[in-house]
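Each remark here refers to the structure printed beneath this line.
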2 protein chains.
Amino acid sequence: MKLSTKGQYGTRMLLDLALHEEEAPVLLKDIAQRQQISLGYLEHLVTPLIAGGIVRSTRGAKGGVSLAKPSEQIKLSEVIQLLEGSIAPVACVNDPAVCSRSESCVTRDIWDELKQAMDGVLASTTLQNLVQRQKDKQPLEGAMYYI
Amino acid sequence: MKLSTKGQYGTRMLLDLALHEEEAPVLLKDIAQRQQISLGYLEHLVTPLIAGGIVRSTRGAKGGVSLAKPSEQIKLSEVIQLLEGSIAPVACVNDPAVCSRSESCVTRDIWDELKQAMDGVLASTTLQNLVQRQKDKQPLEGAMYYI
DNA sequence: GGTATTGTATACTATATTAGTCATAATAGT
DNA sequence: ACTATTATGACTAATATAGTATACAATACC
């Protein structure tokens, strides 16, 4: 039940982006440096977020990335869906047809409940929530830079 | 965020075992056949459950496996822990030392909440719950055999 | 005691996934 | 045109998954 680095790093990237929104567009290179993620890998992470309409990119000189919509409209469930695919612990939860037991399988019912519980957390957390939490944790301006 | 087949099959194995408790010990071979899991693989799944004190095995002729404690005392959280290891979506939730950001990281806080939510479902579901659900679903005696 | 039956343990393997790196193309500003 | 920047796709090494195969150990029954 692990989150891959895509989901981990991608969420951190979005939070970093949200925290630097004023200076948009933000350079991937800067995010990479602050978050200590290689630029090449970060490029892979940003692609699905752009395709999913969460991030907007500006190519060329003076370019960079910015949030495509207000941070309070970006739910973590959306982000994880784009980066990791469905959160369902097993395939049959999304598509009963993958297993002939689906109808009668009670373990499947539990995996579905598990999925609902996870979704409850992720769908109720927005990027804005994360930004606020970060500011609450580190009230000093600029303090987040060296982390 | 996928559950591996160990967790999936292992849970099904335990449910099957609980449903056939009266005829203990139950043959792994029979469970394998009913659940359509190869015997060889099932042997891998049962090992950590025995080590974890959930399943008791009897070697030799007329041997087999049985539940080591009442099904109402077997929580799914225990089962998944034994079969999949920690349910934590990222390592830093269990051990802050793996990442220097842990103290100040708000994404980590979310992953921790995610873990709590998952654990809430799994810790509140016992094998007995699954048995009851199965019986509710398939009231006809013997109906569970051909699934 | 011999033998069939059953679980135990270890080694091996094929495939898929993860976590990147690297080179190159496209685009925008100067 | 030149430079800065993101976009894309090919490639790769390491690890995890999902098994299979084989030999071994314990036990019950005759």
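Below, chain A is the first sequence line, B the second, and so on; all start at residue 1.
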B:Asn94 side chain to B:Ser86 side chain, donor-acceptor N/O pair below 3.5 angstrom:
yes
Restricting both atoms to N or O, compile the protein contacts to nucleotides 5-8 of chain C shorter than 3.5 Å, with distance only.
| unit_1 | atom_1 | unit_2 | atom_2 | d |
| --- | --- | --- | --- | --- |
| C:dT5 | O2 | B:Ala61 | N | 3.2 |
| C:dT6 | O4' | B:Gly60 | O | 3.4 |
| C:dG7 | OP1 | B:Leu28 | N | 3.0 |
| C:dG7 | O3' | B:Ser57 | OG | 3.4 |
| C:dT8 | OP1 | B:Ser57 | OG | 3.0 |
| C:dT8 | O4' | B:Arg59 | NH2 | 2.8 |

Identify the pairs formed between an N or O of the protein and an N or O of nucleotides 17-20 of chain C at a distance under 3.5 Å, and give each distance.
| unit_1 | atom_1 | unit_2 | atom_2 | d |
| --- | --- | --- | --- | --- |
| C:dA19 | OP2 | A:Thr5 | N | 2.9 |
| C:dA19 | OP2 | A:Thr5 | OG1 | 2.9 |
| C:dA19 | O5' | A:Thr5 | OG1 | 3.3 |
| C:dG20 | OP2 | A:Tyr9 | OH | 3.3 |

Starting from B:Val98, can I reach B:Val90 by hopping between I/L/V/M/F/W/Y residues whose side chains sit under 4.5 Å apart?
no
Figure out the CG/P separation between B:Leu83 and D:dA16, and round it to whole Å.
17 Å
Among B:Arg133, B:Gln134, B:Lys137, whose side chain to side chain donor-acceptor pair (under 3.5 Å) with A:Asp109 holds?
B:Lys137
B:Arg108 vs B:Arg101 side-chain heavy atoms within contact, under 4.5 Å:
no
Please report, rounded to the nearest Å, how far the P atom of D:dT15 is from the NZ atom of A:Lys2.
17 Å
Full working for side chain to side chain contact (heavy atoms under 4.5 Å, CB included) between A:Lys6 and A:Glu84
CA-CA 7 Å; A:Lys6 279 188 201 167; A:Glu84 303 261 336; 4.1 Å; yes
Given side-chain hydrogen bond (donor to acceptor under 3.5 Å, both in side chains), test A:Tyr9 with A:Ser4 step by step and report yes or no.
CA-CA 9 Å; A:Tyr9 294 0; A:Ser4 78; over 6 Å; no
Determine, for B:Glu78 against B:Lys69, whether the closest basic-nitrogen to carboxylate-oxygen distance falls under 4.0 angstrom.
yes
Option among B:Val131, B:Thr125, B:Leu127 that satisfies the side-chain contact (heavy atoms from CB on, under 4.5 Å) test with B:Asn129:
B:Thr125
Which whole-number value in Å describes the distance from A:Leu49 CG to D:dA7 P?
11 Å
For A:Leu45 and D:dT8, give me the distance from atom CG to atom P, rounded to whole Å.
14 Å
